[in-house]
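Heads up, the thing below is written out as structure tokens.
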Amino acid sequence: MNPHSVGEPSRSRQQNTVGEPSRSRHQNPVGETSRSRQQIRVRMAPSPTGFLHIGSARTALFNWLFARHHSGTFILRIDDTDAARSTDESMREIYDSLRWLGLDWDEGGEKGGPHAPYVQSERRDIYETHVQRLLESGHAYPCYCTQEELDAIRAHSRAEKQNRAYDGRCRHLTSVDKEHLAAKGRKPTVRIKMPDEPIRVVDIVLGTRDIDPGTLEDEVIVRSNGMPSYNLTSIIDDAEMQITHVIRGTEHLNNTPKQIAIANALGLNVPQFAHIPLVLDNTGRKLSKRHHGELVAVSRYREEGYLPEAMLNFVARLGWSFDDKQEIFSVEELIEKFDLARVGKSGSVFDIKKLDWLNTHYIGELDISARTDVVMPFWEKAGFDVAAEPRERLESIVTAVGERLTKLQDIIPQTGYFFTAPSEYEPKAVKKWWKKDALDILTALGAVLAAVEPFELETVESVIWQYTEEHNIKRVVAMQTLRIALTGTSFGPSLFDILVLLGRDEVLTRIQKAIQFLQ
RNA sequence: GGCGCUAUCGUCUAGGGGUCAGGACGGAUGGUUCUCAGCCAUCAAACCGGGGUUCGAAUCCCCGUAGCGCUACCA
């Protein structure tokens, strides 16, 4: 094989204009060049071993945006070759999270398509055929080493400061050796022979490198139980499904030359690669299920009341930026503006504060009706009897709450008192505002509010201001005193809104209750 | 241990030979207001280090350093 062609994308230069590694920003947006109507095909290939991870969601988004931007195809493939860890439940959760985010796929998942099946455990015959060819052509060989032997080899290699763990010893097994080992009941794995020539990895975000094959070890491509492994299935499916661009996390960078070697040995097309930087926690480590658990589950953010628009916008800006001014991007803008050439190389820390800011923004963009709709499940889940409430009142409550929602679940502590009287008064608030004159204020205000006619915004407001003026009481004192009596807390929406929403009877009842408490 | 990747305010980032190194989140202060939130204004805050190249380097080159990733019969 010509060493110079090793690892080169097999499609012609012409067609490769899309996603060409152009590091100079402010140039032609990638893909907008002359022809390049090469049908872009990208995929997201999660392993169904738990919830959808934030990092995977971003990978999905980048793939999806790239596909949508170029009118390409976005494929969802399920990489479940690790049978022990894969579950159907996880698969469903991943579909669910993806749908919630609005990342629809054109092929794969439950949808099917021309390259079905899209679940790797159902594609074993395809892999077997390829492995057979590899074995026959001498590109792969059986390895009879046991786990213990491998551990020992590894330990030795490390002690000797070798740059690869496995030394390829089973490459030289004779057929007699093999029979002998097999007779002892050993089930072999299959390993791919790494080539002697450098492997060229072309990466759209990281650039092109030539990898020294001396650092690569003969990878296991079929386990001893007959199950093919990731590096094999991934590259075969990418070729079979005619994937043009593999956009995935940088943790896969070291797998890339191995996969290219497999593809080359099989004579398969090699897609272009784009390794996107990792999403990190605030200590700079990769976000992982292992270390961060639920914190990295997309479903958790959904449950807390983050909007998909906010999640998408937030995650899009992790490792990607458009210019020096824009932070808020609608999904449409993301599709229009997304460009692999503007993806950075270094990892990005997941900053929940910024997500919160975005979420507040997107909640604020919802009109009252939509905001009420979206908040409803949270009320229901918290056990509020919203069904009994007129829609109009619910919307008024949402209006009163206004911008005070960071997450939808904040609606609960913010509006509980609209549904039931406070069972207790916040001690800190009481201490600060319910001084010795509180009783007088409450009593007087109660009388005033009992008499005001009609019980509406303007009238209530004027009558309260009239009271504070006549008795020379600071507005803030009167208002806070009353607020605590009605809501149990010292903060919240305009008190006049609260007064009117509660209605005269309820207000008077609560004032009475507070008076009793103070006595 | 090996291999690889990366490096601009606390964080996300713009800039990529000549900029007061810009914006945003977060923070601080002040204003608006019945509180909180919001909004407005102001402020603090960064080019990992060292050498080159150059009239001039955050930007190009080299060498360090640090962090991270991978190092499975996981993906």
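By convention in this document, chain letters (A, B, ...) are assigned in the order of the sequence lines, proteins followed by strands, and residues within each chain are numbered from 1.
In this structure, CD1 of A/Ile484 is placed 12 Å from P of B/C36, rounded to the nearest angstrom. For the pair A/Met479 CE and B/U35 P, the computed distance is 9 Å after rounding to whole Å. Rounded to whole Å, the distance from CZ on A/Arg77 to P on B/A75 is 12 Å. When rounded to the nearest whole Å, the span between CD1 of A/Ile211 and C1' of B/G4 equals 7 Å. Distance, A/Leu232 CG to B/A72 C1': 16 Å, rounded to whole Å. A straight line from CZ of A/Phe322 to P of B/A14 spans 12 Å, rounded to a whole angstrom. The interatomic distance linking A/Ile328 (CD1) with B/U13 (C1') rounds to 15 Å, in whole Å. A straight line from CD1 of A/Ile441 to P of B/U35 spans 15 Å, rounded to a whole angstrom.
Contacts of A/Pro46 with the nucleic acid, taken as non-hydrogen atoms under 4.0 Å apart, are absent. Residue A/Ser348 is classed as a sugar-phosphate contact, given heavy-atom separations below 4.0 Å to backbone atoms only. Within 4.0 Å of A/Ser224, counting heavy atoms only, lies at least one base atom of the nucleic acid. Base contact: A/Cys145 has a heavy atom under 4.0 Å from a base atom. A/Arg85 comes within 4.0 angstrom of a base, heavy atoms only. At a threshold of 4.0 angstrom between heavy atoms, the contacts of A/Asn254 include nucleobase atoms, whether or not backbone atoms are also involved. A/Ser346 comes within 4.0 angstrom of sugar-phosphate atoms only, judged by non-hydrogen atoms across all strands, and of no base. If you check every strand for non-hydrogen atoms under 4.0 Å, A/Gly319 touches sugar and phosphate atoms only. Residue A/Leu495 is in base contact, counting any heavy-atom pair closer than 4.0 Å across all strands shown. Residue-level contact check: A/Gly284 touches the backbone only, with heavy atoms under 4.0 Å from sugar-phosphate atoms and none from bases. Using a 4.0 Å heavy-atom criterion, one finds that A/Glu217 contacts no nucleic acid atom at all. Across all strands shown, A/Phe496 has heavy atoms under 4.0 Å from base atoms, whether or not it also approaches the sugar-phosphate. Residue A/Thr360 is out of contact with every strand shown, counting any heavy-atom pair closer than 4.0 Å. Using a 4.0 Å heavy-atom criterion, one finds that A/Leu358 contacts no nucleic acid atom at all.
Residues A/Lys258 and A/Glu217 are not paired through a salt bridge, judged by the lack of any N-O separation under 4.0 Å between the basic side chain and the carboxylate. Electrostatic pairing of A/Arg43 and A/Asp238 counts as a salt bridge here, judged by a charged N lying under 4.0 Å from a carboxylate O.
Checking B/U35, B/A75, B/G15 against every side-chain atom of A/Arg342, the shortest atom distance belongs to B/G15. Which of B/C73, B/G1, B/C3 sits closest to the side chain of A/Asn163 comes down to B/C3. Taking only side-chain atoms of A/Leu278, from C-beta outward, the nucleotide of B/C68, B/C34, B/C36 with the closest atom is B/C68.
Using modelled atom types, one finds a donor on one side chain and an acceptor on the other under 3.5 Å when comparing A/Tyr141 with A/Asp218. A/Asp356 and A/Tyr306 form a side-chain donor-acceptor contact under 3.5 Å, judged by distance and modelled atom types alone. A/Gln480 and A/Lys432 are not linked by any side-chain donor-acceptor pair at a separation below 3.5 angstrom, with hydrogens and angles left out of the test. In this model, a donor atom of one side chain and an acceptor atom of the other lie less than 3.5 Å apart for A/Asp237 and A/Tyr127. Donor-acceptor pairing under 3.5 Å is recorded for the side chains of A/His275 and A/Thr256. Between the side chains of A/Gln259 and A/Asn231, at least one donor-acceptor pair of N or O atoms lies under 3.5 Å. For A/Asp79 and A/Ser47, the side-chain atoms include no donor-acceptor pair closer than 3.5 Å.
Close to B/G69, at under 4.0 Å from its OP1 or OP2, lies no side-chain N or O of A/Lys286. An OP1 or OP2 oxygen of B/U35 is reached within less than 4.0 angstrom by no side-chain nitrogen or oxygen of A/Ser490. OP1 or OP2 of B/A72 sits under 4.0 Å from a side-chain N or O of A/Arg154. Phosphate contact (OP1/OP2 of B/C34, side-chain N/O of A/Arg475, threshold under 4.0 Å): present. In this structure, A/Thr81 reaches the B/A75 phosphate: one of its side-chain N or O atoms is under 4.0 Å from OP1 or OP2. For A/Lys258, no side-chain nitrogen or oxygen approaches OP1 or OP2 of B/C70 to under 4.0 Å.
Residue A/Tyr230 forms a side-chain hydrogen bond (donor to acceptor under 3.5 Å, both in side chains) with just one option from A/Glu219, A/His252, A/Gln120, and that option is A/His252. Applying ring-ring contact (aromatic ring centres under 6.0 Å, His included) to A/Phe329 and the options A/Trp320, A/Phe314, A/Tyr362 leaves one that passes, A/Trp320.
Interface remark: the A/Arg285 side chain does not form any donor-acceptor pair with the B/C68 base, using a distance-only criterion of under 3.5 Å.
Both A/Val477 and A/Ser229 sit near RNA chain B, but only A/Val477 has its closest nucleotide nearer the 5' end. The residue among A/Glu251 and A/Cys143 whose nearest nucleotide of RNA chain B is located toward the 5' end is A/Glu251.
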Verdict with supporting geometry, A/Trp465 and A/Glu461, side-chain hydrogen bond (donor to acceptor under 3.5 Å, both in side chains): CA-CA 6 Å; A/Trp465 289 162; A/Glu461 177 170 351; 3.2 Å; yes
Before giving the answer on ring pair (Phe, Tyr, Trp, His ring centres under 6.0 Å), spell out for A/Tyr118 and A/Trp105 the whole-Å C-alpha distance, their side-chain angles and the decisive distance to 0.1 Å. CA-CA 12 Å; A/Tyr118 290 86; A/Trp105 51 96; over 10 Å; no
Kindly determine whether A/Arg169 and A/Asp167 satisfy salt bridge (charged side-chain N to carboxylate O under 4.0 Å, His left out), including the steps that lead there. CA-CA 6 Å; A/Arg169 60 182 61 184; A/Asp167 54 11; 2.9 Å; yes
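Comparing B/G10 with B/A45, their P atoms sit 10 Å apart, to the nearest whole Å. To the nearest whole angstrom, the two C1' atoms, one in B/C5 and one in B/A37, are 43 Å apart. Here, B/U19 and B/G27 have their P atoms 33 Å apart, quoted to the whole Å. The same atom, P, is picked in B/G50 and in B/U65; the two are 15 Å apart, to the nearest Å. Taking atom C1' in both B/G67 and B/C48, one finds a spacing of 10 Å when rounded to whole Å. Atom C1' of B/C3 sits at a distance of 42 Å from the matching atom of B/A44, rounded to the whole Å. For the C1' atoms, the distance linking B/G31 with B/A66 amounts to 44 Å, nearest Å. Straight-line distance between the C1' atoms of B/A21 and B/U59: roughly 11 Å, to the nearest whole Å.
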Using a 4.0 Å cut-off on protein heavy atoms (strictly under), produce a 5'-to-3' string for nucleotides 41-47 of chain B with B for base contact, S for backbone-only sugar-phosphate contact, and - for none. -------
Determine, for nucleotides 21-31 of chain B in 5'-to-3' order, which nucleotides have protein heavy atoms under 4.0 Å from the base (write B), from only the sugar-phosphate (write S), or from neither (write -). -BBSSS-----
